[in-house]
Each structure stands twice: as C-alpha cells, then as structure tokens.
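Residue numbers begin at 1 in each chain, while the letters A, B, ... track the order of the sequences. From a predicted model like this one, the values you see are computed outputs, not experimental measurements.
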Amino acid sequence: MTNSFTVECARQGDISVLAVNGFLDAHTAPRFEKSIQEEVDAGRMRLIVDCAGLTYISSAGLGVFMSFVEDLRDKGGDIKICGLADEVYQVFDILGFPALFDIVPDRQAAIDKFCEPDGKEI
Amino acid sequence: MTNSFTVECARQGDISVLAVNGFLDAHTAPRFEKSIQEEVDAGRMRLIVDCAGLTYISSAGLGVFMSFVEDLRDKGGDIKICGLADEVYQVFDILGFPALFDIVPDRQAAIDKFCEPDGKEI
Amino acid sequence: MDSLERTFQLHVPSSTENLSMIRDFVGSIGERAGFSKGEVVKLEVAVDEACANVIEHAYGSDTTREVTVKATIDSDAVEIRVVDTGLGFDPTTIGEAALDSLIQQRKNGGLGMRLIKTLMDEVHYEIVPGQKNELAMTKRRKKE
Amino acid sequence: MDSLERTFQLHVPSSTENLSMIRDFVGSIGERAGFSKGEVVKLEVAVDEACANVIEHAYGSDTTREVTVKATIDSDAVEIRVVDTGLGFDPTTIGEAALDSLIQQRKNGGLGMRLIKTLMDEVHYEIVPGQKNELAMTKRRKKE
Ligand SMILES: Nc1ncnc2c1ncn2[C@@H]1O[C@H](COP(=O)(O)OP(=O)(O)O)[C@@H](O)[C@H]1O
Ligand SMILES: Nc1ncnc2c1ncn2[C@@H]1O[C@H](COP(=O)(O)OP(=O)(O)O)[C@@H](O)[C@H]1O
C-alpha cells in the first residue's frame, strides 16, 4: 500500500532511535509527531530518526523535524537523521536541511555524532 | 511500474520454457502471443509457461493460452502452466482452466508432465 | 467512520497502455474499502475487463477517446461505473460460450463479460449508443 | 509517438488519506512521459504539496469536498493542474521565510510553496475565490 507508514522506537542508553517506514506525508505526519512527542515527554532529548525504510517524504514530514529540533537543542539534545535513500534525500536537500541538521549514512554514524562535542546549532 | 511485462524463453531439449514476469493484460498480451508464435514457427510444440514472476492476468492474457493450445495438441505438443501465485490462479480457476490445462506447482513438475503418456485432451 | 459516501473519478485516454493506471486506481479504492488482497485483485480484473472492452469494442481501438471510471464507496459496497461515448451494444445478445468450445475454435477471447459477472456481485449496462454507455458494477463489503 | 496530446483527470474527496492515490496517479503520468525515477518523485512531491495545501487551506480540512488533478502530456512537457472550489488566497502575499528562521520559530510548515516552485519549471495560480482556484504546474521533458 502506497500510504502505509510506521514508526518503531528503540531506546539505547540515553539515545532513542525512531525507525520510520513507508510514506511520510500530510496524512501520516501526525503519527510521526506523536512518536517524537512521546520521547520528549519522557525527557529523552537525543533522537535518531532512521529513515532506511522511508520511501517518501513531503514538507509535512519535514515540518515535524523543524518544529522539535530547536527545543531539543536548547535542552542539550538533537535530532540526527540517517539512512536516507537518494529520492528522499533530494527533498531534504532542496530545502536546505543538510546545512541545519546532521544527516549521516547510518545509525552508527548517528550515534557517533552524539559523542562529538560540536553538534550543529543555529 | 505496474504495466511492465517481460517474457524470457529458454529451450531445454524439445521443451521451451517461457518465463513471464509482471502484468499480462490487453496491453501486453500481444507480446506474449508473439513469443509463443516464435516457438510454434520454430516447430517447437512442447511449451511450459512459468508464471512464477507473473503478478497479474486478465482475460486477454488467458486468451493467448486458449488460442494456441488446440493446434499444439493436434501436433503432439501442449502448453503446461506452472508457478501461479494465488491471486493469479484464482482468475484461471474462475474460468475453468484447471479442467482443460495442466497447471502444476513448478517447472520440474511441468517437465515431468510432458513425460507422462496421458496429457489432457479436449 | 465509513457512513459517508465517498466518490472518486478517473479519466484516461482510451489506450490499453492506461489499463495499469485504471487498475492502480481501482486497487486503491478496494484497499480503502477494506477488501482483502484477493478481493482487491478481483475488483481490478473486473474493471480492467470492462475498460478493455470499451477500448476494443466501443471505441474500435481508437486511442484518442476517453474512458471514465467512477467509484463510490459507501458503508455497504463499492460501486464502479465505467463510462464511454462509443458504439454501444446490446449485452443481451451476447451468448456465453463454454471454455472448451472457445478453445476448439482457437478463440483468444470471449471470457471478459463472464469474468465481470463472476467477480462482481451486481452488474448492469445502461446503453445509449453513440452518446453514453455505462457499465455499473457493485462489490459488497463484508460485514464482520 | 508522443506528438499527440494526452489528458488525464483524477477527482478524489478532500482527505489527506487520498494524497497517496494522487501520487500514484501523478507517478504514472511521469513514467508515461519518460521521466527518471528522481524526476517522477519530484513531480509527485510538487503535486502532493499542492493538494495538501488545498485540503488544509482552501477547504479548511473539510474532507467532504473535491480535489481535481488534471494532467496533460504533450511532446514538450507535463502540465498538472490542481483545481479546488474552496477559499482561495492571494499567492503574492505569501512571503518566503528561510528554513533557519522557521526552525527558530518552531514552525512545522511554510515550505510547501517553495518546494513546488523549486521542483517544477513553471508555476502559476488562477484564483477566483469560492468558485474555482487553479494551480498550473509544468515540468519539461528533456530532449535527448
Ligand atoms: N463495452 C462494449 N462495447 C461494445 N461491445 C462490447 C462491449 N463489451 C462487450 N462487447 C461485445 O461483447 C462481446 C463479448 O465480450 P467479452 O466477453 O468481454 O469477450 P471479448 O471482449 O474477448 O470478445 C465482444 O466481443 C463485443 O462484441
Ligand atoms: N491552495 C491554497 N489555498 C489557500 N491558501 C493557501 C493555499 N496554498 C497555500 N496557501 C497559503 O500559503 C501559506 C504557505 O503555504 P506553504 O508554503 O505550502 O506552507 P504551509 O502549507 O506549510 O503553511 C499557507 O499557510 C496558506 O496560508
């Protein structure tokens, strides 16, 4: 089905990895937002969104990243993004996300980013 | 793409195996017909159509089996059908194909059928 | 949640190349209605047959005409209407040949309408030749 | 082979649930026009954004209205028109905020129209508020 979307959350130490699958658009973005909100409500500020299973994203999906990242950074956390397929990456790229978010190849690289002192800040 | 269709033909002794892939409908049936015609023109009368890669069939596809089988049988040959997925099999089944065609699980079973003396005849 | 009737429409040029778009459209409708994979395929085949007939018979394979597929999902059923402005015909005059006799005659067709009738719960034609021909097909949603 | 202009139309209820059907439709159009996978996705995103805006802004998330997507393939380009009969707006009054300032304001939107303009070669609105609002978008076919 071309409108299925799932999020699975796994916690590793103080890092939460959200693995997203399928199609992230205006219909499914509220589900993604809810998953991130749950982590934030649980006081978890270091998030990795693993997009290896993500087939499609529109601006409604990108908006979820935008609306949370500043508060997370204020509290010493961040959202790192990994696993983007070429077709999905091009949408992030066109809107200038690579300059403002850490976008890395895979989950391990994202975990490593959290260990570096110099996270991207606006 | 939901309208792609391919046929690949392999000859093993006096048996020709046509492996079909994708969507067999009124648009692609002429291509399937041409592949079978080529075998017939080459004097090859024992055909196996391996449908393991077939995602979809409509009556235009079934019509190709119908129009060739009688002549092939008259000349001592046949068309054996194998590898049907459940969704594809139901279309063959609704129209009564299992009573008039040898429909078997896989390629080896189809080859074995050609070695039996009692092929289905109308 | 499904009490509201929802209608969808697709218009494509009358080329067999577009049968795949019609199937994708109808497949999505079937999924929306909660049909199983097998039921979705049945819906796709029935509508594919109806549209292939329109292209071949109503339009004589002229690829520049238009095929319209209207779909309505309500709480009981999915209704699909295939509309053309081509030749039209009298469906009551079309006999049903048995598969074995079609094979003996080396026919490569004659099964489309039977497939439509078998796959759908209700089928009827409204024909106004040259003006508007409509094939209405209904598939009921199972209550569980 | 492609000298003939071909037109397609899709009508769906104004629910975000139907954005996937719209993408499938537009994706097939892009494939018909010979676009690469990446170009097809761009076309899908642009039309998805346009339709999501219609649903959210023109119809205020009323899911019982209708979104129309018209597509024309000719030898030079694919043109997509998204039509609604909702509120309408004046596109010239919409400013373009930079991504970093949107992030600082904790916004979860404001990028859709920019995405449309970036992904398509030509974009223009024809607005008749309450009657008919149309967003016409063109993507050129590469000559090789
Ligand atoms: N939409 C239609 N418009 C005109 N004639 C049609 C239409 N559908 C079916 N027919 C007629 O009914 C006959 C039987 O149709 P069908 O059972 O689908 O088999 P086939 O299309 O393979 O001949 C066709 O050969 C044609 O003469
Ligand atoms: N089809 C439309 N009908 C009415 N208003 C629209 C439409 N498209 C865009 N707008 C207005 O333009 C603004 C910017 O749109 P956009 O860039 O897509 O971002 P977003 O939809 O995320 O706010 C919207 O907030 C809305 O006020």
Just how far is it from atom CZ of C/F8 to atom NE2 of D/H11, taken to the nearest 0.5 Å?
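So the gap between those two atoms works out to 12.5 Å.
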
At what distance, to the nearest 0.5 angstrom, does CD1 of C/I29 lie from CE of D/M21?
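Between C/I29 CD1 and D/M21 CE, I get 4.0 Å after rounding to 0.5 Å.
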
Go through the atoms of C/T68 and report whether side chain, backbone, both or neither lie under 4.5 Å from a heavy atom of chain D.
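For C/T68, no heavy atom lies under 4.5 Å from chain D.
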
With the side chain counted from C-beta on, respond yes when C/P13 and D/T7 share a heavy-atom pair under 4.5 Å apart, and no when they do not.
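Answer no - side chains too far apart.
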
Under 4.5 Å from a heavy atom of chain C, the part of D/T63 involved:
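For D/T63, neither part sits under 4.5 Å from chain C.
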
Quick one: does C/R32's side chain have a donor or acceptor within less than 3.5 Å of a partner on D/E17's backbone?
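Present.
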
